[in-house]
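Note that the structure is a prediction, hence the values are computed from the model and not measured. Hydrogens, waters and symmetry mates are skipped; everything else that's a heavy atom, side chains included, is used.
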Amino acid sequence: MTGTAPIRSADPAAIAAAARLLRDSGLVAFPTETVYGLGADATDGPAVARIFAAKQRPSFNPLISHLAEASAAAAFADLNPKAEKLAEAFWPGPLTLVLPRRADCAIADIASAGLDTVALRVPAHPVAHALLRETGRPVAAPSANRSGRVSPTRAEHVAAELGTQVDMILDGGPCEIGLESTVVRLNASGACLLRPGGITRAEIEGVIGQLGEFEPSAAKPTAPGQLPSHYAPAQPVRMNAMTAQPGEVLLGFGPDVPGTVNLSETGDLAEAAANLFAALHQLGNSDAQAIAVAPVPDTGLGIAINDRLRRAAAPRT
Ligand code: TXA
Ligand code: MG
């Protein structure tokens with residue numbers, strides 16, 4: 001489709017129209033509790049291919065398929081007891097499980113980027129839930145930004161990044177968590193963390209015990225999303241800054257480093273997570289030459305925040 005996609009307030013009529021678009025091979029951006037997703041019917045290979053084209057996403061980077069109910073997961077993947085415990089504890093919510101694909105898995109191979117695993121998530125956002133239920137199919141959805149750029153936490157971020165590429169943007173207001181889901185891989189040899197996110201490592205380990213360390217295999221990129229440069233605003237990013245240098249704007253944290261924009265004046269990590277991407281969009285749209293960022297404690301949700309900031313600050317690929 002050409003032109004700019006309509007942003008529609010996510011009322012029942014808009015959700016029904018969005019579900020029809022998805023069933024007709026369209027692309028719909030929708031809110032989740034983490035970030036906005038760019039959705040297509042996960043069982044429709046050509047529709048999923050349009051996601052990769054719209055985002056300019058490398059075809060080796062697989063997508064998460066979203067389900068309305070946890071009970072649907074077993075139709076697509078082999079769940080082991082640890083996976084069942086995590087699903088029970090955290091679904092619906094900001095957790096993605098990477099699991100072995102079932103032989104009869106209906107999710108298109110392209111959504112798995114040809115790997116023998118599938119990534120599944122049951123989002124908690126009421127609009128996402130209603131959309132998934134009405135669509136009646138798994139919905140593949142990466143974050144609704146161009147590949148490598150800052151993730152969207154508001155409908156306007158999606159319109160600015162991908163407005164001409166999607167058929168509809170469902171507006172459900174700002175995302176509550178603001179950081180992507182935690183990605184955990186589970187297979188016969190154990191469980192490991194592929195991406196820190198909205199649920200902390202400690203919360204995961206509280207349910208299934210200690211996570212193993214992820215060991216990247218040179219032969220096969222099992223965590224292709226772990227690219228060093230990602231979440232990048234237009235300007236370079238400098239971490240652990242106490243003050244702005246000439247030409248810089250400062251992203252503050254807590255009372256000691258107020259900044260041009262502050263992630264959380266009281267130093268609250270959940271508030272900082274919710275504000276992170278909107279602040280990067282705002283400062284990225286300024287005419288500053290660079291963005292300096294105050295130190296954020298590397299504990300709890302701060303681990304996921306620092307993961308995003310490190311990739312935003314990494315040399316661009
Ligand atoms: O919160 C979220 O997870 C959001 C919302 C929309 O649900 N989605 C999201 O998708 O962040 P995306 O595509 O931006 O990130 C998905 C991550 C990537 O790092 C990808 O490489 C990884 O999950 N992933 C997906 N399938 C995988 C698989 N089979 N094996 C390993 N990693 C996988
Ligand atoms: Mg993303």
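- Using a cutoff of 4.0 Å between basic side-chain nitrogens and carboxylate oxygens, Arg20 and Glu134 are not scored as salt-bridged.
- Sorted by first and then second residue, the ring pair (Phe, Tyr, Trp, His ring centres under 6.0 Å) pairs involving residues 290-317 (not counting sequence neighbours) form an empty list.
- Partners of Asp109 under the salt bridge (Lys or Arg N to Asp or Glu O under 4.0 Å) rule, at least two apart in sequence or in another chain, are Arg101.
- Contact record, Pro123 with Ala128: CG-CB, 3.9 Å, taken as the closest heavy-atom pair.
- Electrostatic pairing of Arg121 and Glu33 counts as a salt bridge here, judged by a charged N lying under 4.0 Å from a carboxylate O.
- Among all heavy-atom pairs drawn from Leu263 and Leu276, the shortest one is CD2-CA, 3.6 Å.
- For Ser189, the side-chain contact (heavy atoms from CB on, under 4.5 Å) partners are Asn187, not counting sequence neighbours.
- Between His66 and Phe30, the angle of the ring planes goes over 60°, which puts this pair in the perpendicular group of the 30/60° scheme.
- Judged as a salt bridge (Lys or Arg N to Asp or Glu O under 4.0 Å), and not counting sequence neighbours, Arg310 has no contacts.
- Residues satisfying the salt bridge (Lys or Arg N to Asp or Glu O under 4.0 Å) criterion with Glu205, sequence neighbours excluded, are Arg201.
- Here OH of Tyr36 is found 9.0 Å from CD1 of Ile169. Values are rounded to the nearest 0.5 Å.
- When each of Gln289, Arg238, Gln235 is tested with Glu248 by the rule side-chain hydrogen bond (donor to acceptor under 3.5 Å, both in side chains), just one qualifies, namely Arg238.
- Residues Leu250, Val257 make up the rest of the hydrophobic cluster containing Met242, defined by ILVMFWY side-chain heavy atoms closer than 4.5 Å, directly or through other members.
- What you find for Ala144 and Pro152 is that their closest heavy atoms are O-CG, 3.4 Å.
- Between Asn240 and Val293, every side-chain heavy-atom pair lies at or beyond the 4.5 Å cut-off.
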